[in-house]
Amino acid sequence: MDAISEAVKAFQRDGYYVARSLFSSDEVSALVELIDQSLSPALAPVEFEADVHYPGAPPSKTAPGGNTPRRLLHAFGRDRLFQQVGRHPQVVAMLKALMGAEGIRLSQNHHNCVMTKHPGFSSVTSWHQDIRYWRFDRRELVSTWLALGPENARNGGLLVIPGSHTLDFEPGQFDASLFLRTDLADNEELLARAVPVELEAGDQLFFHSRTLHAAGQNDSDIIKRSLVFTYRAEDNQPIPETRSAVYEDIPVS
């Protein structure tokens, strides 16, 4: 079985797959330099930690750490380096295989950002499925998460629940913001299956829009940077007049 077939098998089983060293150290260094130029000062459009209202986030932009960047938004349109990542031939080939489609489009409405976690003022991302607030004909999208440095439990790396993309949930298993409730006995067995996704610079995670995932705070002394895009098959259309249809999606194949 070749590497692509192995990836498809793992993705279908687990709801995620990690392609190791997909991007070179030179490519990573160029992206980090570009991102750091965009962080100091933070170049709009930007989402700040105070905007997300997640556990551990500053209560307002005037509070200590309130002006800490969380996401640099609209990444694809910011620079050709981000565009090269979004259209990378190996990434597109993998997406075609994972989605079983020839036509692939990059969403400008979801993710399409540089995610950062800064030491001292990073917040917790509770357990959720990305599809909770996306509106498409089918709940079958794939996101890519390019690590631009080490990602682990200490600096707020991702946790996932393998196989959760295949499960059906009752509405009561989630809270009003559609985060998985951790106070329910029915969810305890599910949460016990969680595993960390440890990444090194240049590794890229592919994960299903229904895969449950979470992340902690950055307790290291270094900024964590990740470039995140979301893709759909060409025939999986966004529902008109929803957030998923605000900007036109970009063909990458």
Item to check | Under 3.5 Å donor-acceptor, N152 side chain and G157 backbone | outcome: no

Next on the checklist: Whether the side chain of S244 engages the backbone of R135 through a donor-acceptor N/O pair (distance < 3.5 Å, no angle test) should be reported.
Outcome noted: yes

Checklist entry - Regarding E49 and S123, is there a side-chain donor-to-acceptor distance under 3.5 Å anywhere? => result yes

Item to check | Partners passing ring-ring contact (aromatic ring centres under 6.0 Å, His included) against Y133 (at least two apart in sequence or in another chain) | outcome: none

Checklist entry - Is atom CG of D137 surrounded by more than 12 heavy atoms (other residues, nucleotides or ligands) closer than 6.0 Å? => result yes

Next on the checklist: Any heavy-atom pair between the side chains of E102 and K96 that's under 4.5 Å?
Outcome noted: yes

Under 3.5 Å, which donor-acceptor pairs do the side chains of residues 82-91 form with other protein atoms, sequence neighbours left out?
{"unit_1": "Q83", "atom_1": "NE2", "unit_2": "F76", "atom_2": "O", "d": "3.0"}
{"unit_1": "H88", "atom_1": "ND1", "unit_2": "Q90", "atom_2": "N", "d": "3.1"}

Next on the checklist: Please determine whether side-chain contact (heavy atoms from CB on, under 4.5 Å) holds for the pair W134 and T230, giving the CA-CA distance in whole Å, both sets of side-chain angles, and the decisive distance to 0.1 Å.
Outcome noted: CA-CA 11 Å; W134 300 353; T230 294; 3.5 Å; yes

Checklist entry - Can V142 be reached from Y17 by stepping across I, L, V, M, F, W or Y side chains whose heavy atoms are under 4.5 Å apart? => result yes

Item to check | Student check: side-chain heavy atoms of S209 and R232 closer than 4.5 Å | outcome: no

Checklist entry - Is the backbone of S24 close enough, under 3.5 Å, to the side chain of E27 for a donor and an acceptor to pair up by distance? => result yes

Item to check | Verify same cluster id: L34, L148 (apolar side-chain graph, 4.5 Å) | outcome: yes

Checklist entry - Do L146 and V32 belong together in a cluster built from hydrophobic side chains that touch within less than 4.5 Å? => result yes

Next on the checklist: Looking at every non-hydrogen atom in both residues, tell me the closest pair between A97 and I4 and how far apart they are.
Outcome noted: CB-CG2, 3.5 Å

Next on the checklist: Measuring from atom OG of S220 to atom NE2 of H118, what distance do you get when rounded to the nearest 0.5 angstrom?
Outcome noted: 11.0 Å

Checklist entry - What heavy-atom pair brings P240 and A245 nearest, and what distance separates the two atoms? => result CA-CB, 4.2 Å

Side chains of residues 56-65: which donor-acceptor partners sit under 3.5 Å, not counting sequence neighbours?
{"unit_1": "S60", "atom_1": "OG", "unit_2": "T62", "atom_2": "N", "d": "3.4"}
{"unit_1": "S60", "atom_1": "OG", "unit_2": "T62", "atom_2": "OG1", "d": "3.0"}
{"unit_1": "S60", "atom_1": "OG", "unit_2": "A63", "atom_2": "N", "d": "3.3"}

Checklist entry - Rounded to the nearest 0.5 Å, what separation is found between the CG atom of L98 and the CG atom of L141? => result 12.5 Å

Checklist entry - Around F169, counting heavy atoms of other residues, nucleotides and ligands shown, do more than 12 lie under 6.0 Å from its CZ? => result yes

Next on the checklist: On a heavy-atom basis, which atom in R105 and which in P251 lie closest, and how many Å separate them?
Outcome noted: NH1-CG, 3.3 Å

Item to check | Step-by-step salt bridge (Lys or Arg N to Asp or Glu O under 4.0 Å) determination, R20 to D203 | outcome: CA-CA 4 Å; R20 302 291 180 185; D203 292 348; 2.9 Å; yes

Checklist entry - Does the N112 side chain pair with the main chain of F229, one donor and one acceptor, at a distance under 3.5 Å? => result no

Item to check | Contact check, side chains of L95 and F206, non-hydrogen atoms, under 4.5 Å | outcome: yes

Checklist entry - Between R70 (side chain) and A50 (backbone), is there a donor-acceptor pair under 3.5 Å? => result no

Checklist entry - Between the side chains of H53 and D51, is a donor N or O closer than 3.5 angstrom to an acceptor N or O? => result no

Next on the checklist: Would E140 and R210 count as a salt bridge (Lys or Arg N to Asp or Glu O under 4.0 Å) here? Give the steps.
Outcome noted: CA-CA 8 Å; E140 303 288 334; R210 287 186 284 134; 2.6 Å; yes

Next on the checklist: What's the separation between atom CD1 in I104 and atom CE in M94, rounded to the nearest 0.5 Å?
Outcome noted: 12.5 Å

Next on the checklist: According to salt bridge (Lys or Arg N to Asp or Glu O under 4.0 Å), who are the partners of D36, at least two apart in sequence or on a separate chain?
Outcome noted: R225

Next on the checklist: Under a 3.5 Å threshold, yes or no: a donor from one side chain and an acceptor from the other, between S226 and E151?
Outcome noted: yes

Item to check | Any donor-acceptor N/O pair, T211 side chain to G15 backbone, under 3.5 Å | outcome: yes

Next on the checklist: Other members of the hydrophobic cluster containing V197, with the 4.5 Å side-chain heavy-atom rule, please.
Outcome noted: Y16, V18, M115, W145, L158, V160, V195, L199, L205, F207, V228

Checklist entry - Is Y231 close to M99 at the side-chain level, that is, under 4.5 Å between some pair of heavy atoms? => result yes

Item to check | Criterion side-chain contact (heavy atoms from CB on, under 4.5 Å) on F174 and H128, from CA distance to verdict | outcome: CA-CA 9 Å; F174 295 86; H128 67 283; over 6 Å; no

Next on the checklist: Please report the interatomic distance CG(L106) to OG1(T144), rounded to the nearest 0.5 Å.
Outcome noted: 7.5 Å

Item to check | Path from F48 to I35 over hydrophobic side-chain contacts below 4.5 Å | outcome: yes

Item to check | Reference residue S143; test side chain to side chain donor-acceptor pair (under 3.5 Å); the match among H111, H208, H213, H110 | outcome: H111

Item to check | Between S29 and D26: side-chain donor-acceptor atoms closer than 3.5 Å | outcome: no

Checklist entry - Roughly how far apart are N155 CG and S122 OG, rounded to 0.5 Å? => result 9.0 Å

Next on the checklist: What I'd like to find out is whether the side chain of L180 reaches to under 4.5 Å of the side chain of L190, using heavy atoms alone.
Outcome noted: yes

Item to check | Candidate pair L72 and L43, rule side-chain contact (heavy atoms from CB on, under 4.5 Å), full reasoning | outcome: CA-CA 8 Å; L72 298 174; L43 300 181; 5.7 Å; no

Checklist entry - Between T116 (side chain) and P69 (backbone), is there a donor-acceptor pair under 3.5 Å? => result yes

Checklist entry - Hey, mind stepping through D249 and N109 against side-chain contact (heavy atoms from CB on, under 4.5 Å) and telling me if it holds? => result CA-CA 8 Å; D249 294 340; N109 300 288; 3.6 Å; yes

Next on the checklist: Keeping T242 on the side-chain end and I239 on the backbone end, is there a donor-acceptor pair under 3.5 Å?
Outcome noted: yes

Next on the checklist: Minimum heavy-atom separation for V92 and S253, please, with both atom names.
Outcome noted: CG1-CB, 3.6 Å

Checklist entry - Do you reckon L73 sits in the same ILVMFWY cluster as I250, going by side-chain contacts under 4.5 Å, direct or chained? => result no

Checklist entry - Does L159 reach the side chain of W127, with side-chain heavy atoms less than 4.5 Å apart? => result yes

Item to check | Close side-chain approach of I161 and L191, heavy atoms under 4.5 Å | outcome: yes

Checklist outcome for this item: Heavy-atom closest pair (P45 atom, H74 atom, distance to 0.1 Å) is CG-CD2, 3.4 Å

Checklist entry - Which pairs count as side-chain hydrogen bond (donor to acceptor under 3.5 Å, both in side chains) when at least one residue sits in residues 164-185, sequence neighbours excluded? => result Q173-N187, R181-D183

Item to check | Contact check, side chains of E47 and V52, non-hydrogen atoms, under 4.5 Å | outcome: yes

Checklist entry - Can you name the nearest heavy-atom pair linking G156 to A215, along with the distance? => result O-CB, 3.5 Å

Item to check | Separation of L31 CG from D79 CG (nearest 0.5 Å) | outcome: 8.5 Å

